[in-house]
Amino acid sequence: RPAGAAVAPVGDAVDVGIVFDLGGRGDKSFNDGAYIGAERAAKAFGARVRFVEPGEGSDREAGLRMLAAEGMDLVIGVGFIFTDDLTQLAKEYPNVSFAGVDFAVSVDKDGKVVLPPLNVAALKFREEQGSFLVGALAALVGGSKKVGFVGGMDTPLIHKFEAGYKAGVKAVCADCEVIAQYAGVTPEAFRNPGRGKELALSQYQQGVNVIYHASGSTGLGVFEAARTMKKMGIGVDADQYNEAPGFVLSSMVKRVDNAVFDVISRVKEKKFSGGIYDFGLAEDGVGYVYDEHNKALIPDAVRARLEALKADIVAGKITVPSSR
Amino acid sequence: MTLLLFLAQTIRIAIPYLFAAAGGALAERAGIVALSLEGYMLGGAFGAVIGAYYTGSAWIGVVTGVWWGIMLAAIHAVCTLRFKADQIVTGVAINLFTVGITRFLLQLAFDSSSNSPRVAGFGGDNIGGALALVSNPLVWLGLATMPALAFVVYRTTFGLRVRAVGEHPLAAASLGVPVNRVRWVAVLGSGALAALGGTYLALDQHQFTDSMTAGRGFIALAAVIFGRWDPVRAGLACLLFAGAETLQIRLQAAQLIPSQFVAMIPYVLTIVAVAGVVGRSVPPAALGRTTD
Amino acid sequence: MSDTTARRAALEEALLPPIVALAVVLVIGDLLILAYGEAPGAVWRLMLEGTWGNAYGIGQVLYKATTLACTGLAVAVALRAGLFNIGAEGQLAAGGFGAAIAGLALPAGTPSIIATPVCIAAALLFGGMVAAVPGVLRAKFGAHEVIVTIMMNFIVLALLNYVIAAHLHVPETLHTPSVHAGTIERIGSVIPAFHGSAVNWSVVVVGTAVSAVAWYLFRTRAGFELRAVGLQPGVAEYGGVNVSRTWMRALALSGAIAGLGGVNFVLGYKGYYEDGFAGGAGFLGIAVALVGRNHPLGVVIAALFFATLSQGGLAINAMVPKQIVEVLQGIVILAVAASVPEVRRLVRKAAGARRSGMPTSMPTATEELRAARMSGDQRPSA
Amino acid sequence: MTASVGGPTAVVRMNGIQKYFGAVHANRGAEIEVGAGEIHALVGENGAGKSTLMKILSGMQAPDGGGVEVGGRDVTGWTTAQAIAAGVGMVHQHFMLVPTLTVAENVVLGREPVSVATFDRDRAIREVEELSKQSGLIVPANRLVADLSVGEAQRVEILKTLYRGARILLLDEPTAVLSPPEVTELWAVLRRVRDTGTTIILITHKLDEVMAVTERITVMRQGATVARMATRATTPEGIAKAMVGRDVDLSVQTSAGSVGRGKGLGDEGGGGTGLTVRNLTVRGARVEKAVNDVSFTVSAGEILGIAGVEGNGQTELLEAISGLRGVTSGSIRIGDREITHASVRERGDAGLSHIPEDRHQRGLILEYSVADNLILGQQHRFSRSGVMDRAAVATNAAKQVAAFDVRPTDASLAVRTLSGGNQQKVVIARELSRDFIVLLAAQPTRGVDVGAIEFIHDTLRKARDAGKAILLVSAELREVLSLADRVAVMYGGRFVAVMSRADASEDALGPYMTGARKAETESAA
Ligand SMILES: Nc1ncnc2c1ncn2[C@@H]1O[C@H](COP(=O)(O)OP(=O)(O)OP(=O)(O)O)[C@@H](O)[C@H]1O
Ligand SMILES: Nc1ncnc2c1ncn2[C@@H]1O[C@H](COP(=O)(O)OP(=O)(O)OP(=O)(O)O)[C@@H](O)[C@H]1O
Ligand SMILES: [Mg+2]
Ligand SMILES: [Mg+2]
């Protein structure tokens, strides 16, 4: 049994353990989202939260296990990478509730979805839907027939963002071209802002006016490029307006904070149940930022068009692809 | 126009390589293996951001960035020159140490595991693309580095001594040349130069990001070897590698070959170079030999 | 008399540097912990409790040590032949990949008595092949293995990423499907105390491999020749040893051992290959070899030490950032690297003083002889 | 001209010098006093501590005890830079030249002419050329040192000291690698330099040189000074006696029956064929043909001695025969077996044994035990299906240690801990105890004391008498003359003379060794 696992928590305060993905606190992305959600829960109803930042791969499971063994009510793994570890641990600790942000739900041979264990909440975000909307936004506001996309590590996970984005572009501008590029082929590709900046600069120079990034810290370079070129960038995961005020057209937000807060309150109210929690446009789990900062950048007509598209997606009239 | 843009991008990408490769060439010419360039760069990037953050001045950031490089190089020098530690082991350790210490201090200073707040920098806010290039003093400095280093190595007394010390330290010592002092200067200089590469990266981004050098130090080392330890040729190698990268950026959209393969180009070229396929590359004879 | 003096000196030479390193680590660790505003004593205690304090912690340490012992031994074997293998990281990844490929290729239900050895063989083969490249280039073209192994790391990792991302992954993940056969069971399934920890029977496989390598190095002719090449290649050549071939063989062996480390994760823990699983264990192998003084037994002890640090980092995460551990790892290497030559100097001097009526002559310093050959085939010494 | 010892004119005075290298006590109370303007010889056996003493004087090394005075000033523990500034210049036993720099750069290094904060290359070249003309030491100032001949390199070394205005010149075995005409030229230069008031300390092993050019002599043994004498008042025998601490017979020894044993110059010696070399050409590190079309035969029961100044292809010849260096053309046979392209190990199995000229570069793994070193090269004979037979190794070690009187007798000690002479015994024991037909013996007694030399010589003669074919290369002409049945002279990569022991004498060989005479019959060896 992991260290310090002795004391059982007292009272009815919820004890929550969160294990971050690589990047950890301060990533200005989904780790921070989870942190914000947990802090909100702490303020709202006194949830006691412990955070763990694992190192290499084998520490992920160890981190989750340490928290589970300490008798936490809820253990959250932030990132798709925790999927297998959560599945495994949930079986060993049937009395602990687990949640996985971006939990990757698998499909069996017949194409049927394999449900996670009963004590696991799979918090899934339909990034492609949010990406679709910012794609449409980019094409409508961009003012050129070219829009850009910068991905981090060249993997199918990021292809999902690209696919939704492309579909959104095409939906409003069939003859628009999407220039999609990736920063690299190793996890470093999420931490290489220098590369991100160069990719963005070359896209802007090719006539792109708006670039959407899904590349972690690499995207900070995209915003730098936007500043220098006086063009637009679109943020990802969180509202990234502050990275380059005036040059961030919008952000495709994933309300990880809401999802985390939500799952913590369910545990608090003893209403937790496992299963797949889809956070799409319909659930306001994903979306795009439209607020006082960027209102001026988005004409009302465009805004209306986006809302119409959103309604279509929610209504199922448009199906957004999740792979390219 | 396209050509101009291509050139400008190549140069921007090459700047960190040029600084770091200059540092690498200097150290290796003096007989010290430059495996720790990556660490110096990362330390320089972090130092620059710390300095710029607390003073609000990019130039002070340059100073603190260089200072960080010099401090890390001093650790290297103490270990290898004073205590005769193995240079390769020390180099690997410096890299590991720098990743850890920058992360730790990032936590301590900014309560973040991955990013610093935005700081002052060069790459100005209100200047268009190509102009941003010429308005960044570090770009000019970077371009001047290799010719300057060539001048130092081949035309100055210090350079003559560096070359002597890297080839046959005993001979230099027998003539009263203070071998260890020359090496100290070379190592500290390499730390300062490589750190400038990191400083450029960080100030160009106005921010420090965990591990943001992303292996550039190794590419720079590759350029030194590819350039056969000659500053000018190493500089050209930097431009070549940067050109390949630019080409990849420009061609990637077309997705002709998987990006993974393009990413390998500098590494493959280096292997080809050290295997002697493009002319024999003979390292300084005393390279790596401060152990006894 | 000179017999025991020499033995004692050798022992001191081997043991003092790690002790120095430990002292340095404690001091600097204290400083870092204080800088973060925590009490060092409490943090160290937490670290001990989370590692050697209970069966689970021990299991985790053993699990991590298993991989580190492989990469450390890989570096050590190459160093014994006078070569610096900085490429253990890529070889480890390739080995894991090889094991996974074999496990995927075998039909489900293949008895593990057949499947596991096949997968292990594939790991050895893949790791060995990656390291054979610098070996061949060193032997045939004199290409410096340090540079080539570093470059190979980048190339191999990019290649594996390509294969995984483009062809082999399970959707929404960075890993291959689970292997059909050849997995190795966790120890926890037999000894309940270890339940939950990742330690698996690979630890026995690797332990056997360590003994085998020790036997190979010190008891076989090939090992005799390999060490001779590492100590004095010119003499080995004179002694009828084919130096080039020995280099190739040593690097291939080194890579195979590093590749074996992949078994621990792929077959023993996850059951699939995951991009990036090596996570720096290859580079840490250099430290393990250094602290373990290139001796198989020392490597095992050093691997346990670094594994403790690494697992301890997780345990103390509640109080201080685990980056402290990364810093300390760097410091350990620096401290050992710096104290090895210093200790050797001091110990040899002391041993000389201990010997009464020391006579004069000694071998002429080889350094001087080398300098006498004005140029020739000088190359950086390892 | 000669100053009296200890008089006020002594410019160098070193007292009670102590120096340790780790466990080695290289100087133990060494002393030397040198008068102004004299040429002073410093002699002693290998390892006596001569070079160490001079390195201390030149600031290269700091003494662990004792005092150094130069020009009446206490300079104990000074640095090289200080020594140079005070006019002390040293030419080291081994070249101290940077091969990738030019001659001029090497000469001015550390004292470079500067203009506008940069190194003034042109002035460096001008100054070196001028100095070269003045001193008569002709060197190409702009050439890379790597491209120089040994003689030229030696001139550069001396120029370096002159450039710094040395008034006290320390020369550590400057003639070891020079040909006789080069030596003559060197003496001329040194006398000229001395006549301008420079003091010279000369380390050399060649007692005739000591007699010819020096005025007074300091003798060292085992790190201490054991004698000082005026050259005029002594003889080579006297010096040698002081060096080794007992009477030495410097006359050429010839063992009974050896003279005339080699049957003339023809191919066939006394017994069957041992080693046959035909038209052998070998590339050197820097020259195309270090060995140039050499043919000879060594018969069973014969010692063929090769005389010659070092660096005339002897090393390359032995390396080619032993398989350590590739052959450009020609053939090599042992007995009837063609081994021109065989591996080292195959040659060993074919019956080749080899005492290498440099035991540290080739002969011994210093960190290995005596026992392991005693089987090096025969490890395949001491292993069964790839596994070392440790019992056999130990048995062999015990036998050889006893037979060759290796001390200490514990064969599990690292060879590093043995004295030089005992290390050489390990090599010889190994090479002579194996099953062989041909023995290559290169500098078999280098760095070995007199007692051991006699033992090694006896061993070689016994092997010869037992029917082995021995090819002997030695820098000591006396050794060649005392052991060989036939003598060949190598010069410029060729065999320039081959003669029977009866015809060979120092006078007869000298002209060939210097290149003054070329062989009339070149192919006949
Ligand atoms: N740098 C060194 N490190 C260790 N031992 C040394 C060193 N230099 C010299 N020695 C040892 O000190 C002793 C004296 O060496 P030194 O070179 O002074 O002898 P020498 O009289 O010049 O001999 P030779 O005639 O062979 O040149 C020898 O045993 C030698 O091996
Ligand atoms: N560095 C050392 N470490 C251990 N033992 C040593 C060391 N140096 C010398 N010895 C011991 O001291 C003994 C005498 O050494 P020394 O070099 O004086 O021999 P020597 O009298 O010169 O004999 P030789 O004529 O064989 O050279 C050696 O046999 C060896 O065992
Ligand atoms: Mg001796
Ligand atoms: Mg000497």
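Given the structure is predicted, the values throughout are model-derived calculations rather than measurements. Below, chain A is the first sequence line, B the second, and so on; all start at residue 1.
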With chain B, the option among D:Val114, D:Val108, D:Asp120, D:Thr80 that has the most non-hydrogen atom pairs under 4.5 Å is D:Thr80
D:Leu109 and side chain to side chain contact (heavy atoms under 4.5 Å, CB included): which single residue from B:Thr157, B:Val165, B:Val177 fits? B:Val177
Please flag which part of B:Phe158 lies under 4.5 Å from any non-hydrogen atom of chain D: side chain, backbone, both or neither. neither
Verify, without hydrogens or angle tests, whether B:Arg161 (side chain) and D:Gly110 (backbone) share a donor-acceptor contact under 3.5 angstrom. yes
Is any side-chain heavy atom of B:Leu160 closer than 4.5 Å to a side-chain heavy atom of D:Glu112? yes
Would you say that D:Met96 contacts B:Leu170 through its side chain, given a criterion of any heavy-atom pair below 4.5 Å between the two side chains? yes
Can you tell me if D:Arg111 uses its side chain to pair, donor with acceptor, with the backbone of B:Gly176 under 3.5 Å? no
When the 4.5 angstrom heavy-atom criterion is applied to D:Arg164 and chain B, the contacting part is side chain
Are more than 12 heavy atoms from other residues, nucleotides or ligands located less than 6.0 Å from atom CH2 of D:Trp78? yes
Derivation of the side chain to side chain contact (heavy atoms under 4.5 Å, CB included) call for B:Leu175 and D:Lys160: CA-CA 9 Å; B:Leu175 294 177; D:Lys160 276 163 53 179; 3.6 Å; yes
Does some side-chain heavy atom of B:Ser174 sit less than 4.5 Å from a side-chain heavy atom of D:Met90? no
For each of D:Thr161, D:Ile84, D:Thr79, tally heavy-atom pairs with chain B at distances under 4.5 Å, and name the one with the top tally. D:Ile84
Using non-hydrogen atoms only, which part of D:Asn106 is less than 4.5 Å away from chain B: side chain, backbone, both, or neither? backbone
So which part of D:Met60 gets closer than 4.5 Å to some heavy atom of chain B, the side chain, the backbone, both or neither? side chain
Taking the side chain as every heavy atom from C-beta outward, state whether D:Leu97 and B:His168 have any pair of such atoms under 4.5 Å apart. no
B:Glu167 CD to D:Thr100 OG1 distance, which is reported to the nearest 0.5 Å: 3.5 Å
